[in-house]
Amino acid sequence: KEATVAVLGATGAVGEQILRNLEKRSFPVKELRPLASARSAGKTVRFKGEAVTVQEAKPEAFEGVDIALFSAGGGISEKFAPEAVKRGAVVIDNTNAFRMNPDVPLIVPEVNGDQIKNHQGIIANPNCSTIQMVVALKPLYDRYGFDRVIVSTYQAVSGSGAQAMEELSEQTRASLENREVKKEIMPVGKLDKHYQIAFNTLPQCDVAQDNGFTLEEMKMVRETKKIFGNEQIGVTATCVRVPVQRGHSESVYVELEKEFDLEEVRQALRDADGVILEDDIQNQVYPTPLDSVGRDEVFVGRVRKDIAHPRGLNLWVVADNLLKGAATNAVQIAERLVQA
Ligand code: A2P
Ligand code: 11C
């Protein structure tokens, strides 16, 4: 079925990748409607070799839209999702606005794609660092079970948007040229205090919560429970920003419920939907964020048995945060909607 598709945030880091993904996957687009702020109205975006004019996001812009992909920030989603749904669109929302709403399915197609049908107009795309972790853990959860995950992330600046990518480049140039390093965005654009990200790591992605964790860390906790449909799964996360443009990496540790054979674990990962195993440390084979750029899959390496716990398993999980972490996952959900 052909669909009229709106992309809200079409000029942003994720929006741009949504357009590329719709093209690459030959999504049946009847009409594309790129939407952004008033600042971008009249600019054009490239789609299937043509320049398509960006419109200002307004409620009327959703008239006649079948599928609306949102990636313009949580506040914008809260404002426009009800307007789009009222006009008959299904919203696939990339922000944190509706993820924990019980009426909104939180979907990673490889893990819980069967729940897409339960939507009432809005489907949420999980946070990028959650998506890649649950895709890698799904085959292990099904085969061996677990109720506790310990994760540390190494997150690229593109998770904070196009301006953050520009800030990393400019800070790197300024440092190397002994110019003043301007600190305006990282770690969190909307906070007043900023740190240098070039040649540094920052143990903060998103705002602080009352419990001492950051919102990014708490997203990993809550979203993992919801996606697996198991409130008993405990996640403890430390989310760190690193001076990488694209591609999030994660050190993931799980204690499996059943005994496991390492070769069997590797085979389960090889067989899993959306996973590519790159695991041979003796020959220096493992995934890196740079190699993940432009790829839709989740890459797993450094698979090893904990020395201190007989059922402990360590993994290194890498994915392009703008693709499987955002645009690809959203377009995969849209594909299931048009196929239904
Ligand atoms: P614009 O380019 O007009 O500011 P990123 O995550 O890379 O920072 O991108 C954010 C996206 O969200 C951009 O496409 C941006 O459009 C869009 N956006 C920001 N504010 C608004 C708004 N008030 N209404 C609609 N879109 C917005
Ligand atoms: C980051 N994970 O890397 C964030 C970006 O809740 O969708 C995505 C934020 C979100 O900073």
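Atoms within a ligand are numbered from 1 in the order they appear, just like the ligands themselves.
Protein heavy atom nearest atom 6 (O) of ligand 1, with residue, atom name and distance: Gly161 CA, 3.7 Å. Of the protein's non-hydrogen atoms, Arg39 NH2, 3.8 Å is the one closest to atom 19 (C) of ligand 1. Here the heavy atom of the protein found nearest to atom 13 (C) of ligand 1 is Thr11 OG1, 3.3 Å. Protein heavy atom in closest approach to atom 9 (O) of ligand 1: Gly12 CA, 3.2 Å. Of the protein's non-hydrogen atoms, Arg99 NH2, 2.7 Å is the one closest to atom 7 (O) of ligand 2. Nearest non-hydrogen protein atom to atom 11 (O) of ligand 2 is Arg241 NH2, 2.6 Å.
In this structure, Phe70 has its ring center closer than 6.0 angstrom to the ring center of Phe62.
Not one N or O on the side chain of Arg99 forms a donor-acceptor pair closer than 3.5 Å with the backbone of Ala124.
Checked against Asn329 for a side chain to side chain contact (heavy atoms under 4.5 Å, CB included), the options Ile131, Asn21, Asp296 give a single hit: Ile131.
By the 6.0 Å and 45° rule, Lys305 stacks over the aromatic ring of Phe260.
For the pair Cys205 and ligand 2, no heavy-atom separation below 4.0 Å is found.
Heavy-atom proximity to Gln155, at under 4.0 Å, picks out these atoms of ligand 2: 1 (C), 2 (N), 3 (O). When each atom of ligand 2 is checked for a heavy atom of Asn127 under 4.0 Å away, the hits are 2 (N), 4 (C), 6 (O), 7 (O), 8 (C), 9 (C), 10 (C). Listed by atom number, the atoms of ligand 1 under 4.0 Å from Ser40 heavy atoms are 1 (P), 2 (O), 3 (O). Close contacts between ligand 1 and Ile76 involve ligand atoms 21 (C), 22 (C), 23 (N), 24 (N) [criterion: under 4.0 Å to a heavy atom]. In the vicinity of Asn94, heavy-atom distances shorter than 4.0 Å reach the ligand 2 atoms 7 (O). Residue Ala13 has at least one heavy-atom neighbour below 4.0 Å for each of these atoms of ligand 1: 5 (P), 7 (O). Atom numbering of ligand 2 starts at 1 in the shown order; those under 4.0 Å from a heavy atom of Gly159 are 1 (C), 3 (O), 4 (C), 5 (C), 11 (O).
Around the CD atom of Glu177, the shell of radius 6.0 Å holds more than 12 heavy atoms that belong to other residues, nucleotides or ligands.
Distances between N or O atoms of Ser160 and those of ligand 1 include no value under 3.5 Å. For a threshold of 3.5 Å applied to N or O pairs, the pair formed by Phe80 and ligand 1 contains no separation below that value. By the 3.5 Å distance cut-off applied to N or O atoms, Glu216 is counted among the residues near ligand 2.
Listed here is the closest heavy atom pair of Gly49 and Glu23: N-OE2, 4.4 Å. Of all the heavy atoms in Asn321 and Gly247, the pair that sits closest is OD1-N, 2.8 Å. Nearest heavy-atom pair across Thr224 and Met220 is OG1-O, 2.5 Å.
Phe146 and Val135 end up in the same hydrophobic cluster when Ile, Leu, Val, Met, Phe, Trp and Tyr side chains are linked at under 4.5 Å.
The option from His248, Lys219, Met220 that lies nearest to atom 9 (C) of ligand 2, judged by heavy atoms, is Lys219. Across the listed options Ala36, Ala61, Ala72, Ala36 owns the non-hydrogen atom lying nearest to atom 25 (C) of ligand 1.
Between the CG atom in Leu277 and the CG atom in Leu269 there is a gap of 6.0 Å [rounded to 0.5 Å].
Side-chain contact check for Phe47 versus Leu22: some heavy-atom pair is nearer than 4.5 Å.
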Worked check of side-chain contact (heavy atoms from CB on, under 4.5 Å) between Ile107 and Asn125: CA-CA 6 Å; Ile107 300 293; Asn125 215 36; over 6 Å; no
